[in-house]
Amino acid sequence: MKKLIYLDNAATTKTAPEVVEAMLPYFTEHYGNPSTVYSLGGESKKAITEARETIANALGAQTEEIYFTAGGSESDNWALKATAEAYKSKGNHIITTKIEHHAILHTCEWLEKHGYEITYLPVDENGVVKIDELKKAIRPETILISVMFANNEIGTIQPIKEIGEIAHEHGILFHTDAVQAFGQVPINVDEYHIDMLSASGHKLNGPKGIGFLYIRKGVKIRSFIHGGAQERKRRAGTENVPGIVGLGKATERAMATMKERTDKEIELRDYLIDRVLKEIPYTRLNGHRTTRLPNNANFSFQFIEGESLLIMLDMEGICGSSGSACTSGSLDPSHVLMAIGLPHEIAHGSLRLTLNEEITKEDLDFVVENLKRIIDRLRSMSPLYED
Amino acid sequence: MKKLIYLDNAATTKTAPEVVEAMLPYFTEHYGNPSTVYSLGGESKKAITEARETIANALGAQTEEIYFTAGGSESDNWALKATAEAYKSKGNHIITTKIEHHAILHTCEWLEKHGYEITYLPVDENGVVKIDELKKAIRPETILISVMFANNEIGTIQPIKEIGEIAHEHGILFHTDAVQAFGQVPINVDEYHIDMLSASGHKLNGPKGIGFLYIRKGVKIRSFIHGGAQERKRRAGTENVPGIVGLGKATERAMATMKERTDKEIELRDYLIDRVLKEIPYTRLNGHRTTRLPNNANFSFQFIEGESLLIMLDMEGICGSSGSACTSGSLDPSHVLMAIGLPHEIAHGSLRLTLNEEITKEDLDFVVENLKRIIDRLRSMSPLYED
Amino acid sequence: MYSEKVMDHFQHPRNVGEIENASGVGTVGNAKCGDIMRMYLDIDDNGVIQDCKFKTFGCGAAVATSSMATELVKGKTIQQALEVTNKAVMEALDGLPPVKVHCSLLAEEAIHAALWDYAEKHGIKIEGLKKPKSDIHEGEEEEGEDY
Amino acid sequence: MYSEKVMDHFQHPRNVGEIENASGVGTVGNAKCGDIMRMYLDIDDNGVIQDCKFKTFGCGAAVATSSMATELVKGKTIQQALEVTNKAVMEALDGLPPVKVHCSLLAEEAIHAALWDYAEKHGIKIEGLKKPKSDIHEGEEEEGEDY
Ligand SMILES: Cc1ncc(COP(=O)(O)O)c(C=O)c1O
Ligand SMILES: Cc1ncc(COP(=O)(O)O)c(C=O)c1O
Ligand code: FES
Ligand code: FES
């Protein structure tokens, strides 16, 4: 079988073997429901507490400020909808950006149908939120600012600290979707003035179907999923103990290796970017050149279409992703690439390659060679390309 | 170490080893995001489709009517809130029962705060919904009837088919919380006139943190968790592939063994009930004597309190649960035991024992002997018991 | 969920039972959870508690705090016994989980009720002792986050 | 997600390229996804399509349907070519995923556009051929369940 070069780590990651190892006993041995009285449930409860501590430490938060959810999407939905509900008497205005993940954007659209007003901030050509636009957007009835920590497509990291400061100067709650950033870049909720933060396990070599929402003490939001008294009565549902243990382990792992891992990723990422820009004509890099996720590279190749490119890369064992409309169920081209000003047909030919710690320079050389060949071939088939 | 006799299978079950086995490859090998174009994602997608088919078959449903969620609570929240939202123009009245799980009841309370009217149907002394009360409760503006398939505390199975027929005669949607029933008793959504059905993996030897909502084709509910286009755009969030595979495997297993397993459970359950009622004075059985879940026995022992009983049983390696206020975070005694008419202090001394396929007659003999001893002891400490 | 000391007093409760012709008997019920505790005191002519027994219908924490409370008041004067608050009992047990704090109030109130009974029977007034409620209503709530 | 036939035509597309001095050339764009296809026809004096080539800027399904469409129309008369609908192309490819049905319309419309161009150049009218839209707007929606 061909070697697999997995460069779609922003979509999801391989669950680390030691994470799976840590989870296993909680399926068949310590399977007790943590809400029960007997000792079997006590094992589960202890494991959950430990995971919560690990995560809280990673953020400079307090243990009881971490609430487990089923993933980033639930965390985002919860943060926005429950804040909107809890602070309705204060106001009905929420500020977010044009480049958020759909879990934020579609939730905002839902809120718009329910009487809330949303401002979608523009970004500059590098995908950085325009701070002056943020300042202008603030109104007395603004209850929440939600800006993602780092973008999932183009990798741009936002000036979160500055945004947090502005939010707090105005007495506005600040939520950040850190699904792509948690475990990749250092985050401190106090330093950055973050009131709520979403994260998802499978983006940092943890399991799928588990995530958390950090909620600063004092923020008055209630449940999004109503029912049993789990998670201090804020999130109902029998706890996904193996998932929580896995997320704890993944966090521990990501924090312990962060510096070394991301240093290496940055080096390789830049090597990839340099080679592609130099060796493939009519190509641009999307996102900020340096203030970007350590493992993210995103290119647009003119005259070609992303899905075809992905399929051809797949034939060589290379997994990537594209902002092309054709790869998604929605048929809309990436709203992120549109927001940084790309014309439709250029957004179409985009390719996101996101590294992990296992990727080597040789892998990237193989990728670049194949890219050159495939792009040549697709361009020769393209009615847009006249050479 | 003492042998563990786990009799709290209504709270959660041990994940079956073959279920874990089935899940494992999807953590570290076929870890691709099913929404992607490349073949690694195709593996995940195929696995999800297979699980969906297995579950659809188990219910006599169509494959595309099964939507994966993070568990029973999310399914219940989704069914109720999204129906309320989608059918608002038709009416604002929902009918449910007094003995639903909190995932239904607390969601109904939330809906009451948002302009909906809820009728909570009473039950008889066996915990069976009063059909004449249901008929009386129906109004032109009734949009939904939600009645649980089987109760989680006392095990009583409801006349679901009759209720479904009444709902459909009146053109009202019918949802059932089948978290306790799915995999334990045969269910056919067409025969029973079920429009929506909630289930949760960890109740049938599947993993925690995964469940599904069956939604009949044509029911117009939208997303509860907004975001990506997963689950036919109705439930956002990267799919919990290992969880889904585990739920599929657990369903396959539960359906294949159902007859044999539950026949054995019913025999042992009845043996336990008979011995306890005969040998321990001042004891009653809660729930219907025969129309109850195969593995459920629920007793009230007068003059004693449930948590103390549970802790003492735990010391002998026996895990059970109680409707006692003292065991829950909420301090309210079980609303189910109240609804069947138990006085507060009798509800207090209740014990739920729920069997699984591994339990033997010898286990139950051991349980009964210990129960007799412990109850004697607690009664001798009780200010209510004067012998 | 319980400390070792709680488990010890739950498994081996001290002073379970009744005292015939007790100097004072107090029964209190906990409105929050419906539990009930009865405390018997044997007080000598010097106002020293010579013996103390209890019966409890309640959770593990209720049993353990009853047991610990009887241990703490034994040999004490009436005034000293008044200082055996629920906090003191909890500390002696190495703490209780937050949802179980109210249980320890049962023990404190049961002592007070038994002392009140003693005072009434003997026609005396005990400094600092208020008429016990038949039901205990207070007790710490978890911070405003419950559902 | 694609059938083997689709993958085969995607990997080895037939008739990629241009025809110089073609009898008819048609270019269509898909408003739904922004993809573009150009079709070249070489039609002899008997109205038989002797050669057919294409260029496509589009997804895997677009490439495969272009390729299959050229194969299907080659050797056909103009009237026969009009029967090469998107359904016919999809069937020949053993089907397409639901979200990709619209891609096959590109091929059908490109043939029509090329035939229209041919008719205009030759001042003839082709029975049953409507003036092609520059953009394709129709295409099956998924049932009303999208977000
Ligand atoms: C009847 C019933 N409904 C809903 C639930 C909630 O399921 P989960 O805890 O998996 O969210 C449960 C179990 O806890 C239940 O027994
Ligand atoms: C920035 C961002 N937010 C939210 C999500 C949603 O997370 P999940 O799919 O785990 O629900 C993702 C990933 O899909 C993401 O990249
Ligand atoms: S042609 Fe655009 S998605 Fe297929
Ligand atoms: S005394 Fe009732 S919960 Fe402890």
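Reminder, nothing fancy here: chain letters follow the sequence lines and each chain counts from 1. Note that the structure is predicted; figures quoted are calculated from it, not measured. Side chains included, hydrogens not; waters and symmetry mates left out as well; all remaining heavy atoms used.
- Between chain B and the options A:Ala236, A:Gly71, A:Ala70, the largest number of non-hydrogen pairs under 4.5 Å is found for A:Ala236.
- Between B:Phe27 and A:Phe27, the angle of the ring planes lies from 30° to 60°, which puts this pair in the tilted group.
- Screening A:Leu310, A:Asp314, A:Leu309 for a side chain to side chain contact (heavy atoms under 4.5 Å, CB included) with B:Val37, the sole residue that qualifies is A:Leu310.
- Proximity to chain B (any heavy atom under 4.5 Å) is restricted, for A:Asn77, to the side chain, taken from C-beta onward.
- With rounding to the nearest 0.5 Å, the separation of CG in A:Asp8 from OH in B:Tyr38 is 3.0 Å.
- Annotation: cation-pi pair B:Lys208/A:Tyr26 absent, no NZ/CZ under 6.0 Å from the ring centroid and within 45° of its normal.
- Contacts of A:Thr36 with chain B are made by side-chain atoms alone, with heavy-atom separations under 4.5 Å and no backbone atom involved.
- The two atoms that bring B:Ser73 and A:Gly237 nearest to each other are OG-CA, 3.3 Å, heavy atoms only.
- Relative orientation of the A:Trp110 and B:His226 rings is tilted, given thresholds of 30° and 60° on the angle between their planes.
- Only the backbone of A:Thr13 comes within contact range of chain B, with heavy atoms under 4.5 Å apart.
- In terms of heavy-atom pairs under 4.5 Å with chain B, the best-connected choice from A:Pro242, A:Gly211, A:Gly243, A:Cys319 is A:Cys319.
- Here the OH atom belonging to B:Tyr31 is positioned 10.0 Å from the OG1 atom belonging to A:Thr15, to the nearest 0.5 angstrom.
- Interface remark: A:His114 contributes side-chain atoms only to the contact with chain B (heavy atom separation under 4.5 Å).
- Closest heavy-atom contact between B:His106 and A:Gly227: CD2-O, 2.9 Å.
- Here the CD1 atom belonging to A:Ile225 is positioned 5.0 Å from the CD1 atom belonging to B:Ile225, to the nearest 0.5 angstrom.
- With chain A as the partner, the residue from B:Ser39, B:Pro17, B:Gly209, B:Pro207 showing the most heavy-atom pairs under 4.5 Å is B:Ser39.
- For B:Leu80, no part lies under 4.5 angstrom from a heavy atom of chain A.
- Qualifying salt bridge (Lys or Arg N to Asp or Glu O under 4.0 Å) partners for A:Glu231, counting only residues two or more places apart in sequence or in other chains: A:Arg52.
- Counting heavy-atom pairs under 4.5 Å between each of A:Ile311, A:Val19, A:Val20 and chain B puts A:Val20 at the top.
- Of the possible donor and acceptor atoms, none in the side chain of A:Asn33 sits under 3.5 Å from a partner among the backbone N and O of B:Thr12.
- No part of A:Ile210 comes within reach of chain B, as not one of its non-hydrogen atoms sits under 4.5 angstrom from that chain.
- Other residues, nucleotides and ligands contribute over 12 non-hydrogen atoms within 6.0 Å of the NZ atom of B:Lys81.
- Annotation: maximal heavy-atom pairing with chain B below 4.5 Å, among A:Glu239, A:Glu85, A:Met315, A:His101, occurs at A:Glu85.
- Listed by chain and residue number, nothing satisfies the salt bridge (Lys or Arg N to Asp or Glu O under 4.0 Å) test with A:Glu29 (two or more places apart in sequence, or in another chain).
- For a residue to count as touching a neighbouring chain, one of its non-hydrogen atoms must lie under 4.5 Å from one of that chain's; by this rule B:Phe68 does not touch chain A.
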